[in-house]
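I have placed the structure first, in the form of structure tokens, so that the comments after it can refer back to it.
These figures come from a predicted structure and were not determined experimentally.
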Amino acid sequence: MAIEHARVRAVRKPWGRRDLAPWSAAHDDAGPIGELWFQRATSDAAEPRLLLKLLFTSAPLSIQVHPDDAHAQAMGLPHGKTEAWYVLSAEPDAAVAAGLKRALAPRELRAAIEDGSIAGLVQWHAVHAGDAVFIPAGTIHAIGPGLVLAEIQQRSDTTFRLFDYGRARELHVEEGVAVADAGPAPPPPAPRKLGDARTLLVASPYFVLERVELGPDTTRILNASRETWILGLAGDGSVGPTGVAIGEVAFLDRERCTIHSGSSGLRALVAYPGPEPCRDLFQTPDQSHLDRPRSRFGASVHHH
């Protein structure tokens with residue numbers, strides 16, 4: 001049971017950037033930052049099921065693949081890595097790759113990795129701000145330069161690189177061949193309205209990703225009956241006792257509280273474990289809710 005303002009961990013990457021504005025004031029003179037990882041407020045808190053990141057690209061990422069749960073557990077890992085991306089900003093001609101142009105047999109995939117021809121076999125798609133892309137485990141994928149993405153994923157960092165544009169990093173040929181679904185990817189999900197404030201972007205067995213938009217000076221009751229991440233995209237607001245603005249994240253678990261938008265409204269991403277969207281994520285409050293202290297699922301608490 002928690003409402004927290006998430007901590008941020010900066011991760012240097014060769015394809016990252018030094019200027020992360022307006023999403024973050026973080027900088028690292030030792031090298032470009034490629035990822036910001038959002039974490040629980042204290043290091044001794046229980047580990048969440050999901051991991052929320054921001055990615056900043058100035059060069060292409062490796063062509064890669066992640067294992068599903070079955071393959072990961074066969075390797076002694078707790079679970080695989082299914083993920084989704086939401087495009088925060090995109091330069092002209094920015095693109096991501098999802099799946100291959102045609103199906104390959106394992107021996108064909110192995111040969112394409114070894115001779116580098118896989119770079120011409122991945123299927124690239126132009127993307128724009130506001131697009132969502134779902135990457136099930138086993139999908140061969142890549143991210144091009146000129147993008148800022150929000151990524152929600154199973155909490156795993158297991159990545160098998162198949163092609164790395166000549167950078168001196170290890171490739172994982174046999175592991176990648178073993179876990180890859182070496183063919184075209186399914187089409188991206190179509191956004192679906194869930195009410196006046198909610199748009200469903202992705203629903204999977206592992207997580208649900210929504211975009212929410214509250215008009216200026218609007219209050220709703222937020223029912224975070226499970227682990228819930230809220231990333232500010234535009235405007236600002238408050239989630240219980242903590243604030244959320246652009247690039248900031250609130251983490252909740254088994255909490256019921258008010259969410260209130262500021263004078264310019266609040267647009268945010270909301271992510272929580274799947275498989276189905278939470279039917280009562282938002283409720284319109286009455287005055288008795290506004291006067292009452294926030295409550296946790298299964299308990300009531302009072303704050304001094």
Side-chain angles (χ1 to χ4, degrees), residues 6 38 48-55 68 80-90 96 98-99 125-137 139 141 143 147-155 185-215 218-235 237 239 244 246-261 265-285 297:
F38 294 99
R49 292 169 59 182
L50 303 177
L51 176 59
L52 177 63
K53 300 177 181 177
L54 297 187
L55 279 65
D68 62 15
K81 184 179 177 184
T82 286
E83 62 191 26
W85 307 322
Y86 180 83
V87 182
L88 300 176
S89 69
V96 300
H125 306 269
V127 289
H128 307 87
D131 289 345
V133 182
F134 180 49
I135 304 292
T139 303
H141 61 277
I143 300 173
L147 286 164
V148 181
L149 304 177
E151 177 179 295
I152 189 71
Q153 59 162 90
Q154 289 178 273
R155 183 165 285 271
R192 177 164 62 91
K193 294 292 287 184
L194 296 177
D196 61 346
R198 300 169 61 192
T199 301
L200 177 65
L201 302 173
V202 175
S204 79
Y206 304 104
F207 52 77
V208 172
L209 181 63
E210 301 185 22
R211 183 178 59 236
V212 301
E213 298 185 64
L214 298 177
T218 299
T219 299
R220 293 288 185 268
I221 301 297
L222 172 63
N223 294 300
S225 59
R226 60 195 102 165
E227 168 187 332
T228 302
W229 300 84
I230 301 176
L231 167 67
L233 302 180
V239 180
V244 174
I246 183 170
E248 296 182 346
V249 169
F251 172 84
L252 302 91
D253 187 17
R254 291 174 291 163
E255 292 280 3
R256 178 179 170 88
C257 66
T258 57
I259 179 170
H260 181 81
S261 61
L266 174 66
R267 186 165 72 247
L269 291 182
V270 179
Y272 49 86
E276 298 294 333
C278 180
R279 295 173 64 180
D280 62 348
L281 182 69
F282 283 171
Q283 293 177 309
T284 302
F297 283 84

Side-chain touch [X]/[Y], heavy atoms, less than 4.5 angstrom:
X: Phe282; Y: Val212; answer: yes
X: Pro48; Y: Arg155; answer: yes
X: Ile221; Y: Thr258; answer: yes
X: Leu252; Y: Cys257; answer: yes
X: Val148; Y: Leu55; answer: no
X: Ile135; Y: Thr82; answer: no
X: Pro188; Y: Val133; answer: no

For [X] and [Y], work out which heavy atoms get closest and say how close.
X: Leu147; Y: Ile143; result: CD1-CG2, 3.8 Å
X: Ile230; Y: Ala268; result: CG2-CB, 3.9 Å
X: Pro273; Y: Leu50; result: N-CD1, 3.8 Å
X: Ala271; Y: Leu209; result: CB-CD1, 4.1 Å
X: Phe134; Y: Glu83; result: CD1-O, 3.5 Å
X: Glu151; Y: Trp85; result: OE1-NE1, 3.1 Å

**Item:** Tyr272 side chain to Cys278 backbone, donor-acceptor under 3.5 Å
**Value:** yes
**Prompt:** For the side chain of Thr139 and the backbone of His141, is there at least one donor-acceptor N/O pair under 3.5 Å apart?
**Reply:**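 No.
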**Message:** I'd like to know whether Arg49 forms a side chain to side chain contact (heavy atoms under 4.5 Å, CB included) with Gln154, so could you lay out the CA-CA distance, the side-chain angles of the two residues, the decisive distance to 0.1 Å, and finally the verdict.
**Reply:** CA-CA 6 Å; Arg49 292 169 59 182; Gln154 289 178 273; over 6 Å; no
**Request:** Not counting sequence neighbours, which residues clear ring-ring contact (aromatic ring centres under 6.0 Å, His included) with Phe38? List them please.
**Result:** none
About how many Å separate [atom2] of [Y] and [atom1] of [X], when rounded to the nearest 0.5 Å?
X: Arg279; Y: Leu194; atom1: CZ; atom2: CG; result: 11.5 Å
X: Leu281; Y: Arg220; atom1: CG; atom2: CZ; result: 11.5 Å
X: Arg254; Y: Asn223; atom1: CZ; atom2: CG; result: 14.5 Å
X: Arg211; Y: Leu233; atom1: CZ; atom2: CG; result: 8.5 Å

**Request:** Determine, step by step, whether Ser225 and Arg256 satisfy the side chain to side chain contact (heavy atoms under 4.5 Å, CB included) criterion, reporting the C-alpha distance in whole Å, the side-chain angles of both residues, the deciding distance to 0.1 Å, and the verdict.
**Result:** CA-CA 7 Å; Ser225 59; Arg256 178 179 170 88; over 6 Å; no
**Request:** With sequence neighbours left out, write down each residue that passes side-chain contact (heavy atoms from CB on, under 4.5 Å) with Ala150, or none if nothing qualifies.
**Result:**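 Per chain and number, Ala150 pairs via side-chain contact (heavy atoms from CB on, under 4.5 Å) with Leu54, Tyr86, Leu88, Leu231, Leu269.
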**Asked** Taking only residues two or more places apart in sequence, or in another chain, which ones meet Ser261 in a side-chain contact (heavy atoms from CB on, under 4.5 Å)?
**Response**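 Partners of Ser261 by the side-chain contact (heavy atoms from CB on, under 4.5 Å) criterion, ordered by chain and then number, come out as Leu214, Thr218, Leu266.
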**Asked** Taking atom CZ of Arg192 as the centre, does the number of heavy atoms from other residues, nucleotides or ligands within less than 6.0 Å exceed 12?
**Response** no
**Request:** Apply side chain to side chain contact (heavy atoms under 4.5 Å, CB included) to Val244 and Val249, showing your working.
**Result:** CA-CA 6 Å; Val244 174; Val249 169; over 6 Å; no
**Asked** Could you go step by step and tell me if Val127 and Val96 meet the side chain to side chain contact (heavy atoms under 4.5 Å, CB included) rule?
**Response** CA-CA 7 Å; Val127 289; Val96 300; 3.8 Å; yes
**Message:** Strictly below 4.0 Å, N to O, side chains only: are Glu210 and Arg198 in salt-bridge contact?
**Reply:**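 Judged by the 4.0 Å cut-off on N to carboxylate O distance, Glu210 and Arg198 do form a salt bridge.
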